[in-house]
Student: 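Just passing along the structure, written as structure tokens.
Throughout, numbering of the chain's residues begins at 1 and tracks the sequence. In listed order, ligands and their atoms are each counted from 1. The shown structure was predicted, so the numbers you read here are calculated from the model rather than taken from an experiment.
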Amino acid sequence: MGHRLAVLLAAVSLPLAASAAPAQAAPSTVPLGNVIPAPVEVHPGGAPFRLTPRTVIEAPPAARTVADRLGEALKPATGFRLPTVGRASSRTPVIALSLGPGVKGYRLTSTRDRITIRAATAEGLFDGVQTLRQLLPAAIDARTPQKVDWAVAGGTIADYPKYAYRGAMLDEARHFHTPDEVKQYIDEIARFKVNYLHLHLADDQGWRIQIDSWPKLTQVSGGAGTGVDGVGGGFLTKADYRDLVRYAAARYVTIVPEIDMPGHVNAAQVAYPELTCDGVAPPPRTDTEVGYSSLCTSKEVTYRFAEDVIREVAALTGGPYIHIGGDEAHATAPADYLAFEQRVLPLVAKYGKIAYGWHQIAQAPAASKAVAQFWGTDDTDADLVAAVKTGTRVVMSPANQAYLDMKYTEDTPLGQDWAALIEVHDAYGWDPATRVAGVPASAVIGVEAPLWSETLRSLADIEYMAFPRLPAIAELGWSATYSWDSFRARLGSYGPRWDRQGVNFYRSPQIDWS
Ligand code: IFG
């Protein structure tokens with residue numbers, strides 16, 4: 001039976017006559033294909049596995065962290081000990097994590113007495129564990145022990161990502177979100193195999209990351225009252241940032257820091273007036289206008305500033321990318337913008353990282369070794385198409401499909417609507433491989449779902465705008481198959497999991513929430 005039909009049937013939880021063993025299939029068994037993002041291959045069959053108080057998690061030392069995290073995730077709702085062991089004794093029900101060559105992504109096999117997740121890397125095992133969590137009844141996300149038949153449907157899943165870069169973005173500048181809020185968001189996006197979190201760390205309103213060589217950036221522009229409407233100030237110390245990098249890495253999420261230049265710099269210029277051409281500090285800004293600020297591209301101090309910031313941020317960042325913005329430089333003359341990018345893009349490589357920027361950087365020849373993040377609403381962009389021919393890679397985050405700060409409908413209390421109104425179907429209704437005419441699929445390394453925080457103050461606000469659209473973008477980044485009917489059915493059955501997790505998601509009328 002074809003994969004698509006299998007998933008569809010599974011998603012509508014019809015027992016597959018050919019393979020399910022009705023006698024043993026537990027009534028609450030989640031169909032094997034009912035996973036977001038949709039797995040590549042799903043082969044249901046055989047008796048379900050059952051989690052019991054005697055279940056152990058078997059893992060080699062290199063998979064110990066993933067095993068312990070799985071145990072932590074399952075303990076609250078089951079109340080079982082679920083110890084991690086090197087080798088399970090026979091006749092003990094076991095969830096075995098195994099590392100070995102020759103597996104692309106992960107392979108999950110579920111039989112009556114044993115679940116095996118096999119991968120070539122610990123990250124692959126982590127991805128398999130996220131799938132396993134969704135194959136257990138929704139009650140598994142409860143915070144207190146539940147009396148449930150913890151059955152997992154029998155069968156095999158072979159799964160691996162379509163794109164290497166599947167990102168989310170949080171705007172820390174317009175409103176500062178605390179490290180704990182960012183960690184909570186990391187937990188929530190990791191469930192959908194999102195593997196990058198782009199943090200927008202500076203803008204006109206505030207500067208949100210400590211820089212030792214330019215201390216007034218946070219001393220003056222990182223304090224309380226520097227958020228939009230004077231609410232939501234704050235900043236990440238280097239210790240906070242390192243802790244976030246570590247926390248994210250343990251969930252196979254890589255942090256991408258963004259320092260937006262040459263525009264979006266009012267906060268930096270309030271702290272250091274020498275960064276303006278006339279040396280006069282501009283007034284602090286807590287409104288939401290954009291495009292009015294620019295570094296003074298003719299002054300050498302500007303490039304010392306850029307290099308110092310890139311150097312310090314690179315030293316803090318384990319991941320491969322540093323994002324240097326480049327958007328809405330409306331106060332920078334085009335020739336000056338080009339000169340600035342030509343000098344600053346190479347600084348990222350100088351400190352061992354890959355330059356990443358909003359797609360306007362594509363005008364600069366130095367962007368041939370960079371990643372351009374498409375945020376347009378149009379069908380194409382001439383500079384980007386030309387840059388791709390020189391080697392520029394692309395992350396797709398079209399503002400009229402992937403911007404999670406866009407309202408769902410005109411009645412949405414939070415968010416903006418300048419790009420589009422984006423309901424769940426709109427967030428799912430595009431193809432990264434063909435979204436920009438002239439940018440071939442081979443140049444696309446992935447997708448990202450930016451969440452700008454002009455109107456978002458709390459984690460509940462973030463969750464309301466991110467869920468359920470982020471899973472749609474995550475599926476476009478991961479899955480080999482595309483089916484709105486299948487996705488919306490799987491999303492509908494995911495709702496109860498968000499309820500148990502206490503996630504403040506938007507109950508879109510486009511989805512049948514079970
Ligand atoms: N555009 C700006 C963001 C933010 C956004 C809100 C980009 C690249 C509008 N730049 O998106 O700073 O204000 O939707």
Side-chain angles (χ1 to χ4, degrees), residues 167-177 196 198-208 221 226-229 232 256-268 285-295 321-332 337 341 355-364 367 370-378 381 383-384 394-408 410 412-422 426-427 435-436 447-457 461-462 464-466 469-470 473:
M169 188 206 89
L170 265 188
D171 173 5
E172 284 287 271
R174 279 46 180 273
H175 280 107
F176 179 67
H177 308 292
Y196 282 94
H198 168 177
L199 293 178
H200 186 74
L201 293 168
D203 211 299
D204 289 318
Q205 295 83 359
W207 190 281
R208 307 293 181 214
S221 295
T226 58
V228 166
D229 301 328
V256 177
E258 179 190 350
I259 303 293
D260 201 344
M261 299 180 280
H264 288 272
V265 293
N266 192 72
R285 296 284 291 264
T286 58
D287 60 296
T288 59
E289 204 183 314
V290 297
Y292 58 83
S293 61
S294 172
L295 289 173
Y321 300 113
I322 291 189
H323 199 300
I324 56 167
D327 63 306
E328 296 177 325
H330 305 320
T332 314
Y337 176 87
E341 293 300 343
Y356 187 8
W358 301 103
H359 72 265
Q360 282 71 26
I361 64 166
Q363 308 164 38
V371 176
Q373 180 168 5
F374 178 75
W375 65 286
T377 55
D378 299 334
D381 178 280
D383 290 327
L384 185 58
V394 180
V395 166
M396 290 291 178
S397 53
N400 53 341
Q401 280 127 345
Y403 266 32
L404 303 183
D405 63 313
M406 291 302 116
K407 292 175 182 292
Y408 292 94
E410 61 269 6
T412 304
L414 299 165
Q416 306 191 53
D417 61 7
W418 66 268
L421 294 175
I422 301 178
D426 305 308
R435 177 61 183 74
V436 178
V447 296
E448 186 179 293
L451 190 54
W452 299 100
S453 63
E454 282 93 340
T455 65
L456 309 179
R457 297 184 178 181
D461 292 350
I462 288 170
Y464 188 78
M465 300 303 273
R469 291 176 295 187
L470 184 101
I473 307 297

Student: Distances under 3.5 Å, N/O of ligand 1 against N/O of the protein: list each pair and its distance.
Tutor:
{"from": "ligand 1", "atom 1": "1 (N)", "to": "Glu328", "atom 2": "OE2", "distance (Å)": "3.3"}
{"from": "ligand 1", "atom 1": "10 (N)", "to": "Asp327", "atom 2": "OD2", "distance (Å)": "2.8"}
{"from": "ligand 1", "atom 1": "10 (N)", "to": "Glu328", "atom 2": "OE1", "distance (Å)": "3.3"}
{"from": "ligand 1", "atom 1": "11 (O)", "to": "Tyr403", "atom 2": "OH", "distance (Å)": "2.6"}
{"from": "ligand 1", "atom 1": "12 (O)", "to": "Arg174", "atom 2": "NH1", "distance (Å)": "3.1"}
{"from": "ligand 1", "atom 1": "12 (O)", "to": "Arg174", "atom 2": "NH2", "distance (Å)": "2.9"}
{"from": "ligand 1", "atom 1": "13 (O)", "to": "Arg174", "atom 2": "NH2", "distance (Å)": "3.3"}
{"from": "ligand 1", "atom 1": "13 (O)", "to": "Glu454", "atom 2": "OE2", "distance (Å)": "2.6"}
{"from": "ligand 1", "atom 1": "14 (O)", "to": "Asp405", "atom 2": "OD2", "distance (Å)": "2.7"}
{"from": "ligand 1", "atom 1": "14 (O)", "to": "Trp418", "atom 2": "NE1", "distance (Å)": "2.8"}

Student: Which atom pair, heavy atoms only, marks the closest approach of Ser294 to Thr332?
Tutor: OG-OG1, 2.7 Å
Student: Is a side-chain donor or acceptor of Lys407 paired with a backbone partner of Asp417 at a separation under 3.5 angstrom?
Tutor: no
Student: Return the set of residues passing ring pair (Phe, Tyr, Trp, His ring centres under 6.0 Å) with Phe374 (not counting sequence neighbours), or none when no residue passes.
Tutor: His359
Student: I'd like to know if the side chain of Glu448 pairs up with that of Gln373 as donor and acceptor (distance under 3.5 Å, no hydrogens or angles considered).
Tutor: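 Yes, Gln373 and Glu448 have a side-chain donor paired with an acceptor closer than 3.5 Å.
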Student: Scan side-chain atoms only and decide if Thr226 and Arg208 contain a donor-acceptor pair under the 3.5 Å cut-off.
Tutor: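 Yes, a side-chain donor-acceptor pair sits under 3.5 Å.
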Student: Any heavy-atom pair between the side chains of Tyr356 and Val395 that's under 4.5 Å?
Tutor: yes
